[in-house]
Amino acid sequence: MSLSAEWRADGKIETVLVIDRTENTVQKAIVADPLVLSRLLTDMGNLRTWDIGQEIKGDKLSPDSWGRLVIARSETGEVIDMDPEKFWDGIYVWFRSRGVDYTDGG
């Protein structure tokens, strides 16, 4: 099983997802906060060891059901896809507006 991580936003809630890329299904969903986003954006480590978050079932197995993609990274760290405008808006909201950098984790 190949994994990736995605930051998604639906207009109300932002979530980091761990995705099974083979099946294109959500394995875990973690409410976004500065520490989770910092981990996603800097050193994700082994996605298989991300033990936080909830197990997902039913209609929430589809990554698209969690909102618009901000950024997706493979388990090896490469950026797979990104919405640049949504990404930089998110960086501003979660980090810059608070006077911190995403590498600091909030």
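- With sequence neighbours left out, Glu75 forms a salt bridge (Lys or Arg N to Asp or Glu O under 4.0 Å) with Arg48.
- Side chains of Asp89 and Lys86 form no contact here, defined as non-hydrogen atoms less than 4.5 Å apart.
- Between the Trp50 side chain and the Met44 main chain, a donor and an acceptor come within less than 3.5 Å of each other.
- The other residues sharing a hydrophobic cluster with Leu17 are Ile19, Val26, Ile56, Leu61, Trp66, where clustering joins ILVMFWY side chains under 4.5 Å apart.
- Considering every non-hydrogen atom in both Val36 and Val31, the closest pair reads CG2-O, 4.1 Å.
- Here the side chains of Glu14 and Trp94 are in contact, with some heavy-atom distance below 4.5 Å.
- Closest non-hydrogen pair, Leu41 versus Trp7, comes out as CD1-CZ3, 4.3 Å.
- Applying the salt bridge (charged side-chain N to carboxylate O under 4.0 Å, His left out) test to pairs two or more places apart or on separate chains, those with a residue in residues 61-74 are Arg8-Asp64, Arg68-Asp83.
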Between Thr25 and Gln27, does a side-chain hydrogen bond (donor to acceptor under 3.5 Å, both in side chains) hold up when you go through it step by step?
-> CA-CA 6 Å; Thr25 57; Gln27 300 298 298; 3.1 Å; yes
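- Taking the side-chain hydrogen bond (donor to acceptor under 3.5 Å, both in side chains) definition, one finds that Arg21 meets it with nothing, sequence neighbours left out.
- Under the rule for a side-chain hydrogen bond (donor to acceptor under 3.5 Å, both in side chains), the partners of Glu78 that lie at least two apart in sequence or sit in another chain are Ser74, Thr76.
- Here the shortest heavy-atom pairing between Thr22 and Ser2 reads OG1-N, 3.7 Å.
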